[in-house]
Amino acid sequence: MGGLSKLPNIGKTVEAQLIQVGINTTEKLKEIGAKEAWLKILEIDESACINRLMALEGAIQGVKKSMLSDEVKADLKDFYHQSK
């Protein structure tokens, strides 16, 4: 595997899923954004949950998902519920 698993919140499984959907670099993840990346993962893994969405955003911001701002968490929760 590559550098994606060096990002906060990204383990080997999520890294493998990102690569499977065509996101194989940190730059590509940042370019696509957490929401679009999560939607792509959802297409191959219907169990992709809110925690994975928040983990992706945390990875992009370089922080643990628990450190995301309340505003970002609320936005992601709204997006998640609209997407399900």
Side-chain angles (χ1 to χ4, degrees):
M1 297 284 161
L4 289 167
S5 64
K6 294 178 181 160
L7 296 172
N9 314 307
I10 305 297
K12 297 293 183 191
T13 301
V14 175
E15 180 181 37
Q17 289 180 329
L18 287 168
I19 291 169
Q20 187 176 345
V21 299
I23 303 168
N24 50 15
T25 65
T26 301
E27 293 75 23
K28 184 79 170 174
L29 177 59
K30 289 180 179 180
E31 176 186 317
I32 287 176
K35 292 175 182 176
E36 187 64 32
W38 181 80
L39 287 172
K40 288 178 179 285
I41 289 173
L42 187 61
E43 290 177 10
I44 63 164
D45 179 4
E46 62 187 34
S47 73
C49 62
I50 184 76
N51 291 322
R52 192 157 323 156
L53 175 58
M54 291 200 184
L56 291 166
E57 182 60 35
I60 289 170
Q61 292 189 25
V63 299
K64 297 256 185 218
K65 64 185 178 187
S66 62
M67 300 302 292
L68 292 170
S69 72
D70 290 340
E71 295 81 19
V72 169
K73 287 179 185 176
D75 177 59
L76 292 174
K77 284 178 186 174
D78 287 345
F79 175 80
Y80 175 79
H81 291 296
Q82 292 173 10
S83 300
K84 280 301 213 174

For a quick test of reading the model, state the closest non-hydrogen atom pair linking I50 to K77 and the distance between them.
CD1-CA, 3.8 Å

Expected list for residues 59-68: side-chain donor-acceptor pairs under 3.5 angstrom, two or more places apart:
residue : atom : partner : partner atom : Å
Q61     : NE2  : E57     : OE2          : 2.8

Y80: which residues meet the ring pair (Phe, Tyr, Trp, His ring centres under 6.0 Å) condition with it, sequence neighbours left out?
W38

So do the side chains of L56 and V14 get within less than 4.5 Å of each other, counting heavy atoms only?
yes

Compare all side-chain heavy atoms of D75 with those of K35 and state whether any distance is below 4.5 angstrom.
yes

How far does CG of L4 sit from CD1 of I10, to the nearest 0.5 angstrom?
7.0 Å

Please check if the number of heavy atoms outside K30 that lie under 6.0 Å from its NZ is greater than 12.
no

With a 4.5 Å heavy-atom cut-off, do I41 and L18 have their side chains touching?
yes

side-chain hydrogen bond (donor to acceptor under 3.5 Å, both in side chains): which pairs involve residues 42-52, sequence neighbours left out?
Q17-D45, Q17-R52, D45-S47, D45-R52

Nearest heavy-atom pair of A37 and I32: which atoms, and what distance?
N-CG2, 3.6 Å

To the nearest 0.5 Å, tell me how far E15 CD sits from N24 CG.
10.0 Å

With heavy-atom distances below 4.5 Å as the criterion, would you say the side chains of L29 and T26 are in contact?
no

